[in-house]
Amino acid sequence: MTKTKTATKFKLKYRAVDHPPHRIAEENPSVSVSEVKELCVAGKKGKKKLKRQAANLEKQARAGVPAELKRVPVAEVECERVQDLAESKSRRKRKRGKPPNKDSLPNGKGAQVDIEHRGDEDEGQENQYGLQRGSHSYGIQPLGNLLLSTQGCNVRDTGLGTLQVLSDEIICDILGNLDGRDLARLALVSRAFYVFAHQDSLWRNLVLDSYKGELAFKGCWKTTYLASHALNVGKLHLPLKVKDFYSDYLFQSWLCANLEIKPEWLSADNIERRENLSVEDFIRDFEEQNKPVLLRGVMESWPALKKWDREYLLKHAGDVDFAAGPIHLKLSDYYKYADLVEEERPLYIFDSKFAEKVPQLAADYDVPIYFREDLFRILGEERPDYRWLIAGPARSGSSFHIDPNSTSAWNAVVRGAKKWVMYPPEVVPPGVFPSPDGADVATPVSITEWFMNFYGETKKRAERPIECICREGEVVFVPRGWWHIVINLEESIAITQNFVSRSNILNVLEFLSRPNSQHLVSGTKDRVNLYEKFRSRYESLYPGSVEAIKEKTEAREAAHRRAKVSIWDNAADSMTGGFKFGF
Ligand SMILES: O=C(O)CCC(=O)C(=O)O
């Protein structure tokens, strides 16, 4: 038996001896009280011996990795390569189309090995990062803090045994394959596994994967899981702070969930704002130029603007199921969740069938005059999803994406406020990596992570994004192909619709006809035939119209190019006179 195995088995016994069996059983759905008792093989007599062994193990761990652990088998070398790849990928996730949203053990003696303190006493991190909550619930610290540690040892490594060669991301991926029972058992193995097995995102996935139509969120996903499996009902999992655990990966996920929205993320505001704009001017100056604009005074007639708030929605739709991420849940359950949630990527209501489910909501708003040319309407029932009710707490939102099917969109804030950052189609935002075929995009895991790690870069690049805060009663026009990220600054309710007009129909047709349309087209079952259906219906209703639009667009683009050349000529002329452009 290798030292690692001995250590693992020993820790299990040690913890079992030092914490009353019923508490361990309560904490872990995987073990019964009798099983825990069985694990206490050393009994009370063996307790001292076990403690001596524990102290020796700790000493060995501090002295460095045991020799056995340094002999890494071939399979683990492979793992290291995977780890390198994973690290170069950073914390990213892949997605397509509209945002897919479009633990207490008693203060027993065993705690002297595993637990330093509990609660939120550590204000250091708060000062350093501007946090809503003091320090990490499980005591995780950023790796850099290891340099300041007097112990000089990272229990992350000593407690993982041979698995320490894997990156934290890969370990979390592997643990993602465990069920609740195994995850809870694993938490008993060592301090390191205690921390890893309590990553709330693992329990969140378990809850969402076994979701049966009702969510009773308990403030943390592990407790929610236990409660939903009729285990440990009513008891909140209270985390134990582990000493000397350092991990940037795990720390960052917590940081992103707790970091305050920083004022410097909000101050830039360079979008054009318009009020009382005529439809002709909107088309000429914004739609045809494919340029964003913030429109004011276009929702004044909406009953929604006066009536909608959380109470109104609950009154009319409290028992209605809405889409939020991978699940559909009652609005009343969603708001209970939203009140308790402190996570990196809160579930976000993004529902394309709200109007059919609650006709009253559809009756409460009108499409603003600028966006009434809605050519996908001719597809009737076969049109791709096009309107969404959006609702979520502060910090929820949509990470960087381009809207589906090359459509343009409008987004109207009924309650709350949203920060927008937008890049034109030809500029890929920092921290965003689209696949060559455009079907997938890798972005940071969360919106806060993007702001924390990449927003600063927007200030260094020559191509500045368009930014704004869109408030109640305001509408943002999102032209086709524009990248955008949106974060709710307060609890928000919004309506968004995507549309095809004569200004973007050519782009939509080109998009739908791409060879990989089955991977690109979204919001409809029949992705491959959408091009044919749309084009033939449009041609039969408006014969010759596509050709006419083509000619007009080509003429407009030629004029645009000529204008650019003449600006360049002027610039070149003035440069001969010693003038230099600042770009
Ligand atoms: O309100 C939001 O979260 C933004 C939604 C969005 O990105 C969109 O409508 O395309």
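Every number for a ligand or one of its atoms is a count from 1 in the order of the listing. By convention here, the first residue in the shown sequence is residue 1.
Considering Gly416, Ser408, Ser399, Ser398 only, the shortest heavy-atom separation from atom 5 (C) of ligand 1 involves Ser398.
Tyr312 does not carry Arg310 over the face of its six-membered ring by the limits of under 6.0 Å from the centre and within 45° of the normal.
Each of the following atoms of ligand 1 lies closer than 4.0 Å to a heavy atom of Lys418: 1 (O), 2 (C), 3 (O). Each of the atoms 1 (O), 2 (C), 4 (C), 5 (C), 9 (O) of ligand 1 lies under 4.0 Å from some heavy atom of Asn411. For ligand 1, the atoms sitting less than 4.0 Å from at least one non-hydrogen atom of Thr496 are 9 (O), numbered in the order shown with element in parentheses. Taking every heavy atom of Tyr348 and a limit of under 4.0 angstrom, the matching atoms of ligand 1 come to 1 (O), 2 (C), 3 (O). Every atom of ligand 1 with a heavy atom of His484 under 4.0 Å away is listed here by number and element: 6 (C), 7 (O), 8 (C), 10 (O).
Side chains of Leu489 and Lys418 form no contact here, defined as non-hydrogen atoms less than 4.5 Å apart. A heavy-atom distance below 4.5 Å is found between the side chains of Phe286 and Leu277.
No heavy atom of Trp388 sits closer than 4.0 Å to any atom of ligand 1. By the 4.0 Å heavy-atom criterion, Asp403 is counted among the residues contacting ligand 1.
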Using a 3.5 Å cut-off and no angle test, enumerate the donor-acceptor pairs between side-chain atoms of residues 419-428 and protein atoms at least two apart in sequence or in another chain.
residue	atom	partner	partner atom	Å
Lys419	NZ	Trp265	O	3.1
Lys419	NZ	Ala268	O	3.3
Lys419	NZ	Glu467	OE1	2.7

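Remark: Ser210 pairs with His229 by the side-chain contact (heavy atoms from CB on, under 4.5 Å) rule, at least two apart or across chains.
For the residue pair Asn498 and Thr407, a side-chain donor N or O sits within less than 3.5 Å of a side-chain acceptor on the partner.
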